[in-house]
Amino acid sequence: MDARGQSAKCGKVDIPRAGSIAPALLGWYDAHARALPWRAPPGANRADPYRVWLSEVMLQQTTVAAVIPYFERFTTRWSDVAALAAAPEEEVMAAWAGLGYYSRARRLVECARVVADLGAFPEDEAGLRALPGLGAYTAAAVAAIAFGQRAVVVDANVERVVARLFDIDEPLPAARAAIREAADAITPDARSGDFAQAMMDLGAGICSVRAPQCLICPLRSDCRGQARAEQLPVKPPKKAKAQRIGHAWWIERDGAVWLIRRPASGMLGGMRALPDDGWNARRDGSGNPPLDGGWQEAGRVAHVFTHVALDLAVMVSQGGDNPSGEGEWWPLARLDEAGLPTLYARAAAVAMARKG
DNA sequence: AAGTCGGGGCA
DNA sequence: TGCCCAGACTT
């Protein structure tokens, strides 16, 4: 922003009255902030960095409603970063099951151990950005929300609000440079953490993707894009989703089922799973069972991932040889503790239902 | 710059 | 059904 703090010109985007936006938004936030388990009250200017970091990682591409129960379980079980650093990785992975994007869980443990070695979280954006699993967004968010540092926090909410505020109609992702400049121009030096959270609350509740409520928006007098708010930001066309076919094998002996652990990288990397026929993002499964013996289809699971739609046949057998290779017999009575990702939890439910 | 990586909730 | 979500990381 310029010396008067009232307007700014950023590249292609002219920003009138840049200095008036933050006060209006913060005033609204003081009255309407969502109470969330990881949040300090408005004006606190600091929050527990462990809880802020954990919530921000969980919230990557994940809705607040989905995160809350996981956040509560994690913080109850591991109350600080040292406790999480001391936890076995596979226990953390299992606790993450169902939340998705499992590489986050592995990096979460990695990061916790780095921070435990350091003794504390770095308090500046650059130091945070160097930690595993913290990209530009999360480093800025933790610096601002946990440590009260001025940082320009740009997530999907901020992108949407800023694109509408300044009527930026360049398509994403090319628009990101202009959006970031504009976000920088309206970010205040004081309370930038509250400002970021206020932008997110605004984006979640009022400046929503569909049917934004411009009539009650605290920024409506400054918003140049409200006439076509629902058309902004302009998004690129999506690629068609691949359709794949696969088989999962339910091998049961004496009240236990044979579970394997998936390779660390790739789909559902590092997670416990039923043995399957190698379906992945590039090809259908082979259909070859891991051992002989009267296989029957118990049912099918249709499961949609980010870029693949999978039709998984759940196969059960009567008897047969014991499986070879790495794996473990998991007691059926404790199957809910195995940490199966949703695809295999659904497949297990199909097998159990057929069994009766 | 484009591709990979989950799952649930919503219209 | 399609779209979206407090993105990070690899190629």
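Atom set for the values below is all heavy atoms of this structure, side chains included, hydrogens, waters and symmetry mates excluded. Numbered from 1 within each chain, the chains take letters A, B, ... in sequence-line order.
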TODO: Looking at every strand, decide which applies to Arg39(A) at a 4.0 Å heavy-atom threshold: base, sugar-phosphate, or nothing.
DONE: base
Open item on the list: It should be established whether Tyr102(A) places a side-chain nitrogen or oxygen under 4.0 Å from OP1 or OP2 of nucleotide dG7(B).
Closed with: yes
TODO: Would you list the pairs meeting side-chain hydrogen bond (donor to acceptor under 3.5 Å, both in side chains) in which at least one residue belongs to residues 66-80 of chain A, sequence neighbours left out?
DONE: Arg77(A)-Glu91(A)
- [ ] Between dG6(B), dG7(B), dA6(C), spot the one nearest the side chain of Tyr137(A), thanks.
- [x] dA6(C)
Task: Same-atom distance (C1') from dT10(C) to dG7(B), integer angstrom - done: 22 Å
Open item on the list: Between dA6(C) and Arg34(A), counting only base atoms on the nucleotide and side-chain atoms on the residue, is there a donor-acceptor pair under 3.5 Å?
Closed with: yes
TODO: Could you tell me whether Trp38(A) contacts a base, only the sugar-phosphate backbone, or nothing, with contacts defined as non-hydrogen atoms closer than 4.0 Å?
DONE: base
- [ ] Could you say whether Ala204(A) or Leu131(A) is positioned toward the 5' end of DNA chain C, judged by the nucleotide with the nearest heavy atom to each?
- [x] Ala204(A)
Open item on the list: Mind checking if Pro341(A) touches a base, just sugar-phosphate, or nothing, with heavy atoms under 4.0 Å?
Closed with: sugar-phosphate
Open item on the list: Does dA8(C) have its OP1 or OP2 closer than 4.0 Å to a side-chain nitrogen or oxygen of Arg129(A)?
Closed with: no
Task: Spacing of the C1' atoms in dC5(C) and dG6(B) (rounded, Å) - done: 12 Å
Open item on the list: With a cut-off of less than 4.0 Å, is there a side-chain N or O of Gln61(A) near OP1 or OP2 of dC5(C)?
Closed with: no
TODO: Taking atom P in both dG8(B) and dA8(C), compute the distance separating them and give it to the nearest angstrom.
DONE: 22 Å
Open item on the list: So, OP1 or OP2 of dG7(B): does either fall under 4.0 Å of a side-chain N or O from Thr306(A)?
Closed with: no
Task: Below 4.0 Å: OP1/OP2 of dC5(C) and any side-chain N or O of Lys235(A) - done: yes
TODO: May I ask you to say what Leu99(A) touches in the nucleic acid, namely base, sugar-phosphate or nothing, with a heavy-atom cut-off under 4.0 Å?
DONE: base
TODO: Using a strict cut-off of less than 4.0 Å between a Lys/Arg side-chain nitrogen and an Asp/Glu carboxylate oxygen, indicate whether Asp155(A) and Arg160(A) qualify as a salt bridge.
DONE: no
Task: Sequence neighbours excluded - ring-ring contact (aromatic ring centres under 6.0 Å, His included) pairs with any residue from residues 310-349 of chain A - done: Trp258(A)-Trp329(A)
Open item on the list: Any base atoms under 4.0 Å from Gly203(A), or only sugar-phosphate, or nothing? Heavy atoms, all strands.
Closed with: nothing
- [ ] Would you mind classifying the nucleic acid contact of Leu36(A) as base, sugar-phosphate or nothing, using non-hydrogen atoms under 4.0 angstrom?
- [x] base
Task: Spacing between Asp201(A) atom CG and dC5(C) atom P, to the nearest angstrom - done: 15 Å
Task: His307(A) side chain near dC5(B) phosphate (N/O to OP1/OP2, under 4.0 Å) - done: yes
Open item on the list: With a 4.0 Å cutoff (strictly under), does any side-chain N or O of Thr63(A) reach OP1 or OP2 of dG7(B)?
Closed with: no
TODO: Give Met267(A) one of three labels, base, sugar-phosphate or nothing, depending on what nucleic acid heavy atoms sit under 4.0 Å from its own.
DONE: sugar-phosphate
